[in-house]
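Ligands are counted one by one from 1 in listed order, and the atoms in each one are counted from 1 as well.
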Amino acid sequence: MSIHMDKNRVTPVTLQKMKGKTPIVALTAYEKPMAEIIDPHVDMIIVGDSVGMVVYGQDSTLGVTLEMMINHGLAVTRGAAHACVIIDMPFGSYQESPQQAFRHASQVLIRTGAQAVKLEGGAEMLDTTRFLTQRGIPVMPHIGLMPQHVNQLGGFKTQARDAAAIEALVSLAKDFEQAGAFSILIEGTSELAARTVTAGVSIPVIGIGASPACDGQVLVTEDILGLFSDYTPKFAKRYIDLGPLIAKACAQYAQEVRTGEFPTLEHCFGLSKTTKVTAD
Ligand SMILES: Nc1nc(=O)c2c([nH]1)NC[C@@H]1CN(c3ccc(C(=O)N[C@@H](CCC(=O)O)C(=O)O)cc3)CN21
Ligand SMILES: CC(C)C(=O)C(=O)O
Ligand SMILES: [Mg+2]
């Protein structure tokens, strides 16, 4: 058995080398089957706390627990052989103190085998980012539109739309780089804000509803597949509408069961070889 890490695995270090050279491709996943399908096509898989909204039907990400993130994270790492897997720290699991964040982030990495964690925050998360980074946990701060602040934002509202807010966000991104963040995720800002942030730091900036100038892009996989329809953020491009295709397959199955067309004997099991059956 090799003592080395998987040579084909994209790591936070690989991602850092990609900045300025090749766009970084990321998608979300919450389950093994989906992780397996998207893994060969992406550099990064984010196990997002959006799982609460997309899978569990909650109307914000606030109801997601550490146990949920660990369970979904473990499912995803089982399906991801290539991509760098990054797991969202859920609301309430990291905001209290750097110690609380380390205790929970270390559990996330220990129990899932993922490579890094992502946490939402402004300047109040700088100490935590430094604390985790210095202790071996790669951290990706999530800035701009922070869904865990939805109760204060009054909705998922676009951020950093004036000069002062853009300046503050660029300064925050630089502070996160100084604090040891290996990458930054920027969500839901003006295009100019995301472009200026990307130009202002030397770590990769991954955007969602941000800017084509970001070092990489991420979208929620169910959004690009048409498997989530509670709402459609303007930035979520739908590449296929799988809902009707799934409905069609299910309708055909239902019809065949009702008409007796399925199952046929091909789908049934015979007797074990040692069984002696006497006809009566
Ligand atoms: N399925 C899904 N996709 C996502 O991208 C996503 C989640 N869930 N859950 C967590 C957050 C929430 N996100 C969202 C959700 C809605 C909008 C949205 O509707 N925004 C408005 C603009 C609002 C404004 O600035 O006033 C839009 O028109 O896109 C944005 C981000 C992004 N994240
Ligand atoms: C922006 C995305 C990656 C996210 O944080 C989520 O899906 O929860
Ligand atoms: Mg998230």
Side-chain angles (χ1 to χ4, degrees), residues 15 24-31 34-35 38 42-66 68-69 72-73 76 80 83-95 105 108 114 116-121 125 139-162 165 183-194 204-211 214-239 241-243:
L15 296 168
I24 295 169
V25 183
L27 280 171
T28 59
Y30 315 119
E31 301 154 2
M34 193 67 88
I38 70 180
V42 301
D43 305 302
M44 185 193 291
I45 296 179
I46 298 180
V47 185
D49 59 351
S50 53
V51 68
M53 301 173 70
V54 176
V55 173
Y56 293 88
Q58 299 171 334
D59 62 10
S60 79
T61 58
L62 296 174
V64 176
T65 66
L66 193 66
M68 288 162 76
M69 293 312 301
H72 286 282
V76 167
C84 184
V85 179
I86 298 168
I87 302 191
D88 262 359
M89 294 300 291
F91 182 66
S93 73
Y94 64 93
Q95 290 89 345
V108 166
V117 298
K118 178 160 82 57
L119 44 85
E120 295 180 13
M125 282 300 142
V139 176
M140 175 186 236
H142 174 155
I143 66 171
L145 171 50
M146 298 179 287
Q148 291 177 16
H149 288 244
V150 67
N151 287 326
Q152 288 160 327
L153 298 172
F156 299 120
K157 302 271 173 63
T158 308
Q159 303 296 303
R161 300 185 97 160
D162 61 52
S183 175
I184 288 172
L185 185 142
I186 186 165
E187 171 169 352
T189 65
S190 64
E191 190 278 328
L192 180 61
V205 177
I206 311 301
I208 173 165
S211 167
C214 289
D215 302 302
Q217 302 293 329
V218 63
L219 283 175
V220 169
T221 297
E222 283 73 5
D223 289 342
I224 75 168
L225 300 180
L227 290 176
F228 181 78
S229 48
D230 288 9
Y231 57 84
T232 315
K234 174 184 152 121
F235 52 76
K237 181 171 176 185
R238 186 175 284 191
Y239 286 83
D241 194 8
L242 280 186

Which residue holds the protein heavy atom closest to atom 13 (N) of ligand 1, what is that atom called, and what is the gap in Å?
-> E187 OE2, 3.6 Å
Can you find a pair of side-chain heavy atoms, one from M53 and one from T61, that are under 4.5 Å apart?
-> yes
Would you mind listing which atoms of ligand 1 come within a distance below 4.0 Å of any non-hydrogen atom of P147?
-> 11 (C)
Assess E120 for proximity to ligand 2: is some non-hydrogen atom of it under 4.0 Å away?
-> no
Protein contact to atom 27 (C) of ligand 1 [nearest heavy atom, distance to 0.1 Å] | K234 N, 3.8 Å
Nearest non-hydrogen atom to atom 3 (C) of ligand 2 belongs to which of I186, I46, L219, D88?
-> I46
Taking the side chain from E191 and the backbone from G209, do they hold a donor-acceptor pair closer than 3.5 Å?
-> no
Can you list the atoms of ligand 2 that are under 4.0 Å from a heavy atom of T28?
-> 3 (C), 7 (O)
Looking at V220, which atoms of ligand 1 are within less than 4.0 Å of one of its heavy atoms?
-> 1 (N), 2 (C), 3 (N), 4 (C), 5 (O)
Which part of D49 is near ligand 2, with near meaning a heavy atom under 4.0 Å away: side chain, backbone, both or neither?
-> both
Where the side chain of T221 meets the backbone of A29, is there a donor-acceptor pair that is under 3.5 Å apart?
-> no
Heavy-atom contact under 4.0 Å between G188 and ligand 1?
-> no
Starting from atom 1 (C) of ligand 2, which protein heavy atom do you reach first, and at what distance in Å?
-> E187 OE1, 3.5 Å
Run down the list Y231, F228, F156 and name the one with the heavy atom closest to atom 30 (C) of ligand 1.
-> F156
Rounding to 0.5 Å, atoms CG (L225) and CG (L242) come to a distance of 5.0 Å
Looking only at protein heavy atoms, which one is nearest to atom 26 (O) of ligand 1, and how far off is it?
-> K157 CD, 3.5 Å
Interatomic spacing from OG1 in T28 to CG in D49 - rounded to 0.5 Å = 11.0 Å
Distance filter under 4.0 Å to H142 heavy atoms, resulting ligand 2 atoms = 1 (C), 5 (O)
N/O of T158 under 3.5 Å from N/O of ligand 1, yes or no?
-> yes
Scan K118, H142, Q148 and name whichever one has a side-chain hydrogen bond (donor to acceptor under 3.5 Å, both in side chains) with D88.
-> K118
Does atom CG of D59 have more than 12 heavy-atom neighbours, drawn from other residues, nucleotides or ligands, at distances under 6.0 Å?
-> no
Atoms in ligand 2 flagged as close to G48, the criterion being non-hydrogen separation under 4.0 Å | 6 (C), 7 (O), 8 (O)
Nearest 0.5 Å please: distance from the CE atom of M140 over to the OG atom of S183.
-> 3.5 Å
Numbered in order shown, the ligand 2 atoms found under 4.0 Å of a heavy atom of S50 are 6 (C), 7 (O), 8 (O)
Full working for side-chain hydrogen bond (donor to acceptor under 3.5 Å, both in side chains) between S50 and Y30 = CA-CA 9 Å; S50 53; Y30 315 119; 2.7 Å; yes
Of all the non-hydrogen atoms in the protein, which one sits nearest to atom 19 (O) of ligand 1, and at what distance?
-> P233 CA, 4.1 Å
Below 4.0 Å from any atom of ligand 1, is there a heavy atom belonging to M53?
-> yes
In sequence, state the C-alpha distance, the side-chain angles, and the governing distance for I208 and F235, and then conclude on side chain to side chain contact (heavy atoms under 4.5 Å, CB included).
-> CA-CA 7 Å; I208 173 165; F235 52 76; 3.5 Å; yes
Sidechain-backbone polar pair: T189 side chain, Q159 backbone, donor-acceptor under 3.5 Å | no
Let me see the working for V218 and M44 under side chain to side chain contact (heavy atoms under 4.5 Å, CB included), right down to the final yes or no.
-> CA-CA 9 Å; V218 63; M44 185 193 291; over 6 Å; no
If you have a sec, read the angle at the Mg ion (ligand 3) from D49 atom OD1 over to D88 atom OD2, to 10 degrees.
-> 80°
Which residue and non-hydrogen atom of the protein lie closest to atom 5 (O) of ligand 2, and at what distance in Å?
-> K118 NZ, 2.7 Å
Which residue and non-hydrogen atom of the protein lie closest to atom 1 (N) of ligand 1, and at what distance in Å?
-> D223 OD1, 3.0 Å
Hey, are E120 and H149 close enough side-chain-wise for a donor-acceptor pair under 3.5 Å?
-> no
